[in-house]
Amino acid sequence: MDVAQVLDAADTHPWGSAEHAYGSAADVPGLLRALAGADAEAAAEALSGLYGCLLHQGTVYAATAEAVPYLARLAAAGCRTAELLGLLGGIAESEDEHGVARGACRAAVAAQSPLLLPLLSDADPGVRSAAAWAAGHTAAPREVLPALRERWAAEPAAAVRAELLDALVRLDPVGGAGAALAALGPAQPPRVRVVAVLACLDAGLPWTAAHHETLLSLLPAGELVAGRFDAERAEPLRYAVGALLERGTADGREAAFALLEAGLRTPQPGVRTEALWAARHACLLSRSAPARLVPALPPLLDEPSSARDALSVLELLPHHAAPAVPALAALAAGEAEREGAGDDELADRALAVLAVADPERAAPLLARDLAGRPRALDAAAGFRAPDGAPPFPFTPELLDAVRARLAAPGSDLHRNEPLQLARLLTGWGERAAAALPELRAALSRFPRAVPGALAAVCPERKREKVAGELRDAVAMGPAEGRLVAARALYGMTGETGPLLDALAAELADGVTAGVEVRCAEAARTAGELGPDAAELVPALRAALGGPAAPGKARTAPRLEADAEVAVALWRITGEAGEAVRVLDGVLARAAEEPWFRWTGVRAARAAALLGPAGRPLRPRLERLLADPDRGQAPAAALALLACAPDGVDRTAVADAVLAAAEEGADPETALEALAALADGDTGVPAGERLRRLASLAERDRRVRRWGAEHGIVRADERFRERARAVAAAVAGLSSCPLPAGGCPEGDGFPAGGAGTGRGDP
């Protein structure tokens, strides 16, 4: 079939009945025609468009499966063959399926094997590589393996051999392992050898000295995998370390750390760089990695070629950085010998780590150059610190520096600097009273940042005057700062009048798209006032989103604002009917779309606040508990236990929330639910479930694996402390002792209780 025939057939396909990432797939024939056209720029745009709608950020759709035959026919007909094979391989690789039967897209690609496999013998090595990549993801070994093996025996090009080996192991781990082991030897090209090491890992083979020495001898390995379709293995050392740690065994950890320590000791800058990237990844995966790896980092802070990447590891681990404090202080003070631009940035980053690792030593360095250390100021202000962390050390010199920055023209300040400066002053309280003039002068310039600090530092003798200025800010100040000023005034004097006025104005603005977050914040504050906010009930009701306009969907921020309004109405009026109705609608909408998952979580947590009055929400919550992705299960369990505890299958709830925690899906809420389960004398998770809970606390693999990277380690450490406390409480209530030393590392889950330890993507 030639290109024209393929395009004519595509034109007659009923695309309008299928959907891709952007809705109707009626635009697919036009994209295919542009792809096959003579205009190179238009063809490139069409290829990008096909990726965007058929494989959007790795997700496949019903239209994707329907498009596969046309993509394969165009590739076989010689139309951008390598590029389309890459797209087909990505489609087959995807496990993120939306609106299509599980495995349907992969099966569609496998069905095109008669067209794809002959391309393994194409004259162009790029086409052969792409064909191997696509064939290796079809999950159809019977149809594909003979062709791959035949080509492996004949293929001369190293790049193609690498893709063939990867495909062989992917489709037949046991049979392909022999080829991977044989390919480790020096007779094979380096590009094949590095893939062979990773293929041995994928095949589950024991890690040996041969694997260790082979991989180290190939470093730096980034260039050896450049141009491959497999982005997951674009950093071979990082991938190998991760795969070894994921095995969850002491041998796996030791092998991973031995690789890293060898790489960090090498004199070759390129090898050290790859080792530092891999060390960073290890610290995000493994609880024992920081203690093992941080001692190797201080010497690298003195190396111009390594300092930046060494800091990127320590930035994840400021609470573990004690061994590096002297080197950090030298770098932050500019004492180290450096060349070239970027020294100020490195000093700032070093000081930001030092501000957490040794704040007393960091304080005078920060005072010396506050304007030039934005990262360090952010760390000192505590925006990345856990709740309840002590304030940054107070010194007169640092206070003087803060006052000077507040007095500087607003255009001279960094974007978040007013908030950071105010946070520092708030933590110091009345010790920072000398900054009162600068804060008062800055009130109109920084209306959201200053009010709280103004109230915090104000001494008793100045309170009446400062309260008057805050009243003026509520009545006449910039709109975006009125609620902040009213809250500060309420905290100082207990006055509700200005706060109610500001809340009413904020709720009125909250019906406008784009300010739903402010509406949610106002509703939350109104609810905290309880019956004292009764006059806001009409404004709260008016702020509810209502039905979406025709052709428009209600957004997640709008739904979450509605949930906050519902809880506020309940807290103010004591009447649950309206709140239940609103939350029911939010939960129903959240269940319809996978990207509203966190909206469902927040709505379920809101429902839990209603207690028994939220009982009518039980059917919705039970559906969330059965969420196949588990992300909503912990919040749903917590809400069910609060709203309708009688009749809840506590064993099933315990299993659901443990599974969610084991997969890293809202693990903190899962612990809350387990603690709630343990509050009674029945249904306490014991035996197998207690061992699973103990494993969450004691295993080496982190439970928290997603979110902002700088917070993952601290969040997992807090989770671990809480998990230990909950496990101890459960053990005490159930008379079931914790396993000695916790749960054995590895995969010491009892039968039927194995967790993956994988977090959200």
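The shortest distance between side-chain heavy atoms of D202 and R233 falls below 4.5 Å. Side-chain contact between Y51 and L87: present, with at least one pair of heavy atoms (C-beta onward) separated by less than 4.5 Å. Here the side chains of L311 and L331 are in contact, with some heavy-atom distance below 4.5 Å. The shortest side-chain heavy-atom distance between S217 and R193 falls under the 4.5 Å cut-off. With a 4.5 Å cut-off on side-chain heavy atoms, R701 and L245 do not count as touching. Between Q268 and E274, every side-chain heavy-atom pair lies at or beyond the 4.5 Å cut-off. The closest side-chain heavy-atom distance from H281 to L285 is below 4.5 Å. The side-chain heavy atoms of L259 and L244, taken from C-beta on, include a pair separated by under 4.5 Å.
A distance-only check finds no donor-acceptor pair linking the side chain of R170 to the backbone of A135 [under 3.5 Å]. A donor-acceptor pair under 3.5 Å is formed between the side chain of D348 and the backbone N or O of A376. At distances below 3.5 Å, at least one donor-acceptor pair connects side-chain atoms of R106 with backbone N or O atoms of A92. Put simply, the side chain of T273 gets close to the backbone of P269: a donor and an acceptor are under 3.5 Å apart. A donor-acceptor pair is defined here as one N or O able to donate and one able to accept, closer than 3.5 Å; no such pair exists between the side chain of R292 and the backbone of F257. A donor-acceptor pair is defined here as one N or O able to donate and one able to accept, closer than 3.5 Å; such a pair exists between the side chain of S129 and the backbone of P125. No side-chain donor-acceptor contact under 3.5 Å links D122 to the backbone of V127. In terms of modelled atom types and a separation under 3.5 Å, the side chain of S113 and the main chain of A110 share a donor-acceptor contact.
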- Message: Let's go through S121 and R128 carefully: what are the C-alpha distance in whole Å and the side-chain angles of both, what is the deciding distance for side chain to side chain donor-acceptor pair (under 3.5 Å) to 0.1 Å, and is it a yes or a no?
- Response: CA-CA 6 Å; S121 302; R128 299 200 301 274; over 6 Å; no
- Tell me, with the steps shown, if H98 and V60 meet side chain to side chain contact (heavy atoms under 4.5 Å, CB included). CA-CA 6 Å; H98 179 67; V60 292; over 6 Å; no
- Determine, stepwise, if the pair R151 / E163 fulfils salt bridge (Lys or Arg N to Asp or Glu O under 4.0 Å). CA-CA 11 Å; R151 190 65 220 169; E163 293 295 349; over 6 Å; no
- Item | Residue pair V68, Q112: steps toward the side chain to side chain contact (heavy atoms under 4.5 Å, CB included) verdict | CA-CA 8 Å; V68 162; Q112 301 305 313; 3.9 Å; yes
- List the steps, then state whether side chain to side chain contact (heavy atoms under 4.5 Å, CB included) holds for C200 with L181. CA-CA 7 Å; C200 288; L181 283 170; 4.0 Å; yes
- Message: Run L120 and L164 through side chain to side chain contact (heavy atoms under 4.5 Å, CB included) and show every step you take.
- Response: CA-CA 9 Å; L120 290 169; L164 287 165; 4.2 Å; yes
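Rounded to the nearest 0.5 angstrom, T138 OG1 and L171 CG are separated by 5.0 Å. A distance of 9.5 Å separates CG of L328 from CG of D358, quoted to the nearest 0.5 Å. Annotation: the span from I712 atom CD1 to C283 atom SG amounts to 11.5 Å, rounded to 0.5 Å. Rounded to the nearest 0.5 Å, atoms CD (E155) and CG (L148) are 11.5 Å apart. Rounded to the nearest 0.5 Å, atoms CG (L116) and CD (E143) are 12.0 Å apart. Here L276 contributes atom CG and L237 contributes atom CG; the two are 10.0 Å apart, rounded to the nearest 0.5 Å.
Taking H20 as the reference, nothing meets the ring-ring contact (aromatic ring centres under 6.0 Å, His included) condition, with sequence neighbours excluded.
The residues R102 and E97 are annotated as salt-bridged, a charged nitrogen and a carboxylate oxygen being separated by less than 4.0 angstrom. Salt bridge status for R142 with D172: absent, with no side-chain N to carboxylate O gap under 4.0 Å. With respect to D378 and R375, no salt bridge is recorded, no charged nitrogen being found less than 4.0 Å from a carboxylate O. Salt bridge annotation for D716-R287: present, with a cationic side-chain nitrogen under 4.0 angstrom from a carboxylate oxygen.
Annotation for A221 and P236: closest pair CB-CG, 3.7 Å, computed over non-hydrogen atoms. Summarising the geometry of A327 relative to P298, their closest heavy-atom pair is CB-O, 3.9 Å, with the distance given to 0.1 Å. Heavy atoms only, all atoms of each residue included: A379 and V356 are closest at CB-CG2, 4.5 Å. Shortest non-hydrogen contact noted between L35 and C79 is O-SG, 4.1 Å. The minimum heavy-atom distance linking L216 with A262 is given by the pair CD1-CB, 3.8 Å. The minimum heavy-atom distance between A697 and A723, with the atom names listed, is CB-CB, 3.8 Å.
Screening R702, R692, R691, R699 against E662 for a salt bridge (Lys or Arg N to Asp or Glu O under 4.0 Å) leaves a single residue, R692. For the side-chain contact (heavy atoms from CB on, under 4.5 Å) test with E315, the passing option among R280, H710, R349 is R349; the others fail. Test R704, R720, R718 against E668 for salt bridge (Lys or Arg N to Asp or Glu O under 4.0 Å) and you get one pass: R704. For the side-chain contact (heavy atoms from CB on, under 4.5 Å) with E83, the qualifying choice from L88, L71, L47, L50 is L47, the only one to do so.
Side-chain contact check for T266 and R272: no donor-acceptor pair (N or O, by modelled atom type) lies under 3.5 Å. For Y239 and D230, the side-chain atoms include no donor-acceptor pair closer than 3.5 Å. A side-chain donor from one of D309 and W277 sits under 3.5 Å from a side-chain acceptor of the other. Judged by distance alone, the side chains of H56 and T59 never bring a donor and an acceptor atom under 3.5 Å apart.
Ring geometry for F229 against W133 counts as parallel: the plane angle stays under 30°, on a 0 to 90° scale with 60° as the upper cut.
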